[in-house]
Amino acid sequence: MNLTIADVRLTPILVADPPLLNTQGVHQPYTPRLIVEIETADGITGLGETYGDTKYLELARPYAAKLIGRQVSDLNGLFTVADEVAVDSSRVSGQVDVGGLRGVQTADKLRLSVVSAFEVACLDALGKALGLPVHALLGGKLRDAVEYSAYLFYKWADHPEGVAAEKDDWGAAIDPAGVVEQARKFKERYGFTSFKLKGGVFPPDEEIAAVRALAAAFPDHPLRLDPNGAWSVETSLKVAKELGDVLEYLEDPALGTPAMAEVSAGTDVPLATNMCVTTFAEIKEAFTKDAVQVVLSDHHYWGGLRNTQQLAAICRTFGVGISMHSNTHLGISLAAMTHVASTVPNLHHACDSHYPWQSEDVLTERLTFTDAKVTVSDAPGLGVQLDRAKLEFLHQRWLDDDGSLRDRDDAAAMRITDPEWVTPSMPRW
Ligand SMILES: O=C([O-])[C@@H](O)[C@@H](O)[C@H](O)[C@@H](O)C(=O)[O-]
Ligand SMILES: [Mg+2]
């Protein structure tokens, strides 16, 4: 068996995305992703997926070149090689991203967001070579299926008029009735029984009303609200008080660990985050201050599946819960998320996934949710197959783009409808 990396193919694509609203603006009609293929000398191919914006492509290209000749089994080496790739300092503002709302941008985090796709691709190839599923390479699954939560968004019916976009059949959701209707569709189509509403879009009272409407329509279903840090400590505490009886957790009500710690000290509602704990360096302060009770891991920016396991172990040590965050992603990532989630003992909350919002994929067969769960594949590797024609189609869309969609920017997308729009300063309310 020859596990030497003989070729690495990087294919940037643009994937259809509905007009989902968040505190920064609205999703663009197409969002960039990067598909990574690693081929061994024996002709076995492993797949990975990550963010496709320019700053990730800039790193992925020189990184890929350095991997030729190495072994797909050398997973630790992926990190040392990444350290040799320079990050352009203009790409690292230390601030929250303009699209994606997933905490600070540091050089290390940018590198890890690239490494993760290669780690997944190496594990996929290694698993195929050994005849073992990825979860077995991670120590073995602890459950046969992983539960996901419905990810509700305020949403327009369509992208702005005159903008090239794909149609979707979800309809609009801009008030409590629309949110409840969307939740019903999620339940009917996928069997989801817990709901997360992306907030920070409308004034808090309107979002409180939407969560109340969900609680009335779906009694005893776990509910979450995530305004991506758009509220002051005072507003966060007010919302926690008003919704405390129905929330499973409140996600990133306020921005940054000090503000989250203040909120946490003033409420019994658990706080979750994918914004103030997004790197290993941020853990100590947040856990010491008891700022968060649940960390939402994301293998993309934590640096892969094995780092996700390490994060879970740290959370376990400190009695902090763990679950999973999601950004727009395709089936390769959902498969990766499902494999690693199946190995985490302390996973007590349904994971987030944007996948139901993505009508397009690069796989021969889409992954499915049955009763809110994705079955953990026992096939070798990730257990998914690349559809090259679909990949080419989505890549052609990326090639045809004039550059305006190649970097996700939710505020720019909002300016098409509202030319005066600027990313709101935080706290917004
Ligand atoms: O896709 C979005 O608009 C979300 O707001 C996403 O960017 C966030 O990173 C995420 O889903 C979250 O939980 O904060
Ligand atoms: Mg969040």
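Each ligand, and each atom within it, is numbered from 1 in the order the structure gives.
- A heavy-atom separation below 4.0 Å is found between Asn228 and ligand 1.
- Between the Mg ion (ligand 2) and Thr273 there is no N/O/S contact shorter than 2.8 Å.
- Annotation: the span from Glu251 atom CD to Lys196 atom NZ amounts to 3.5 Å, rounded to 0.5 Å.
- Closest N/O/S atom of Glu251 to the Mg ion (ligand 2): OE2.
- Considering backbone and side-chain N/O atoms, Asp410 never comes within less than 3.5 Å of an N/O atom of ligand 1.
- Against a heavy-atom cut-off of under 4.0 Å, Lys198 is close to the following atoms of ligand 1: 4 (C), 5 (O), 8 (C), 10 (C), 11 (O), 12 (C), 13 (O), 14 (O).
- Nearest heavy-atom pair, Val163 versus Pro29, reported as atom, atom and distance to 0.1 Å: CG1-CG, 3.7 Å.
- Not a single heavy atom of Met275 lies less than 4.0 angstrom from ligand 1.
- For CD of Glu234, the number of neighbouring non-hydrogen atoms (other residues, nucleotides, ligands) closer than 6.0 Å is 12 at most.
- The number of heavy-atom neighbours closer than 6.0 Å to CG of Asp371, taken from other residues, nucleotides and ligands shown, is 12 or below.
- Residue Asp352 has no nitrogen or oxygen atom sitting less than 3.5 Å from a nitrogen or oxygen atom of ligand 1, judged on distance alone.
- Judged by the shortest distance from any of its heavy atoms, Leu101 lies inside the 4.0 Å radius around the atoms of ligand 1.
- When every heavy atom of His27 is checked against every heavy atom of His354, the shortest pair comes out as CE1-CE1, 3.9 Å.
- The atoms of ligand 1 that sit less than 4.0 Å from any heavy atom of Tyr151 are 4 (C), 10 (C), 11 (O), 12 (C), 13 (O).
- Assignment of His329 to the shell around ligand 1 is not supported, since no heavy atom sits closer than 4.0 Å.
- Other residues, nucleotides and ligands place no more than 12 heavy atoms under 6.0 Å from the CD1 atom of Ile174.
- If you check each of Lys196, Gln24, Arg102 against atom 13 (O) of ligand 1, the one with the closest non-hydrogen atom is Lys196.
- Between Phe186 and Phe195, the distance separating the two ring centers is not shorter than 6.0 angstrom.
- Listed by atom number, the atoms of ligand 1 under 4.0 Å from Asp226 heavy atoms are 12 (C), 13 (O), 14 (O).
- Residue Ser326 approaches ligand 1 through these ligand atoms, each under 4.0 Å from one of its heavy atoms: 10 (C), 11 (O).
- Geometric assessment of Arg189 against the ring of Trp170 yields a positive cation-pi assignment under the 6.0 Å and 45° thresholds.
- The contact set between ligand 1 and His27, taken as ligand atoms under 4.0 Å from a residue heavy atom, comprises 1 (O), 2 (C), 3 (O).
- Sorting the N, O or S atoms of Asp226 by how far they are from the Mg ion (ligand 2) puts OD2 first.
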Exercise answer: donor-acceptor pairs, residues 258-268 side-chain atoms, under 3.5 Å, sequence neighbours excluded:
unit_1, atom_1, unit_2, atom_2, d
Ser264, OG, Asp290, O, 2.7
Ser264, OG, Gln293, NE2, 3.1
Thr267, OG1, Val269, N, 3.0

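- Cation-pi geometry between Arg406 and Trp398 is met: under 6.0 angstrom from the ring centre, within 45 degrees of the axis.
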